[in-house]
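Notes for the one structure printed next.
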Amino acid sequence: MLTFDHKFYKENSLIVARALLGHYLCHETEEGLIAGVIVETEAYLAENDPACHASRGITKRNAVMFGPPGKAYVYFIYGKYFCFNVVTGNEGSGEAVLVRAVEPVFGQDLMSKNRFMDCEVLQLANGPGKLCSAFAINRSFNGHDLTSKPLFIAKNSNEHHRIKIKSTKRIGLSSHCEKKYRFIVSGSQYLSRRETGD
DNA sequence: GTTAAGATCTGCT
DNA sequence: GCAGATCTTAACG
């Protein structure tokens with residue numbers, strides 16, 4: 001499995017968000033490999049984006065976003081869930097890509113175990129909180145370099161050229177969510193929301 | 001020290 | 001389709 005180099009993550013979040021679709025998110029846990037194809041992402045921009053955690057300057061939580069690109073930004077939300085992001089852009093810019101859903105391809109049994117509940121394969125990792133739970137991603141991976149094990153993103157050299165990418169509005173934001181900064185693999189059955197006709 | 005809101009998920013109607 | 005759970009984070013005093 002080949003990972004992306006740091007130069008790849010240095011592009012701005014809009015570019016990286018699209019570029020990550022169709023590639024693999026992998027976690028080599030002690031119990032075995034967990035892997036899935038990234039099918040849904042959202043870009044959070046350094047400039048003019050009030051919804052971005054970094055928009056109000058550096059804090060203890062978002063510090064990793066201002067560090068070098070290619071690292072994981074993991075934060076806790078709603079008292080229960082984690083969200084997994086990839087830091088992008090130049091160091092100091094404060095931007096990231098939220099990975100919202102993956103299509104399970106390996107270690108579905110482990111994902112199911114990590115979710116602590118019975119659910120269809122279709123719903124194992126079709127949302128930011130679900131994905132982190134299934135992949136056993138927690139606070140300890142905040143700041144982890146995604147070009148190295150045990151948690152990494154690997155290139156898919158086969159299918160990538162076949163996917164069709166669509167952009168839509170971002171999910172779950174109370175304000176300033178009009179821009180189409182959410183990117184999905186069109187036709188995928190593993191999205192967090194059903195694909196609409198817009 | 002206190003408070004309000006949050007890049008969500010689940011279960012119930 | 002909608003409300004509740006649940007607790008960290010950040011802003012404010």
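Here is the naming used below: chain letters follow the sequence lines, and residue numbers restart at 1 for every chain.
What separates OH of A/Tyr81 from P of C/dT6 is a distance of 10 Å, to the nearest Å. Atom-to-atom, CE of A/Met117 to C1' of B/dT8 comes out at 13 Å; the value is rounded to the nearest Å. Whole-Å rounding puts the A/Gln123 CD to B/dT10 P distance at 8 Å. With rounding to whole Å, A/Asn62 atom CG is found 16 Å from B/dG6 atom P. When rounded to the nearest whole Å, the span between CG of A/Asn126 and P of B/dT10 equals 8 Å. Look at CG on A/Leu124: it is 13 Å from P on B/dC9, rounded to the nearest Å. Spacing between atom CD1 of A/Ile77 and atom C1' of C/dA5 amounts to 14 Å, rounded to whole angstrom units. Taking atom OH of A/Tyr75 as the reference point, atom P of C/dT6 lies 20 Å away to the nearest angstrom.
Between A/Arg139 and the phosphate of C/dT9, there is a side-chain N or O to OP1/OP2 separation shorter than 4.0 Å. Distances shorter than 4.0 Å separate some side-chain N or O of A/Arg61 from OP1 or OP2 on C/dA10. In this structure, A/Lys130 reaches the B/dT10 phosphate: one of its side-chain N or O atoms is under 4.0 Å from OP1 or OP2.
A/Asp5 contributes a side-chain N or O that, together with a main-chain N or O of A/Phe8, makes up a donor-acceptor pair within less than 3.5 Å. Under a 3.5 Å cut-off, the side chain of A/Glu40 and the backbone N or O of A/Ser192 do form a donor-acceptor pair.
Across all strands shown, A/Arg115 has heavy atoms under 4.0 Å from sugar-phosphate atoms exclusively, and none from any base. Within the 4.0 angstrom heavy-atom criterion, base atoms lie near A/Tyr78.
How far CG of A/Leu151 is from CZ of A/Phe141: 5.5 Å, rounded to the nearest 0.5 Å.
The two atoms that bring A/Val97 and A/Thr41 nearest to each other are CG1-CB, 3.8 Å, heavy atoms only.
Comparing atom distances between the A/Lys80 side chain and each of C/dC7, C/dT6, B/dT8 picks out C/dT6 as nearest.
With contacts defined as side-chain heavy-atom distances shorter than 4.5 Å, the pair A/Ile153/A/Tyr9 qualifies.
Summarising the base pairing, C/dT6 is matched to no nucleotide, lacking a Watson-Crick or G-U wobble pair whose two defining distances lie under 3.5 Å.
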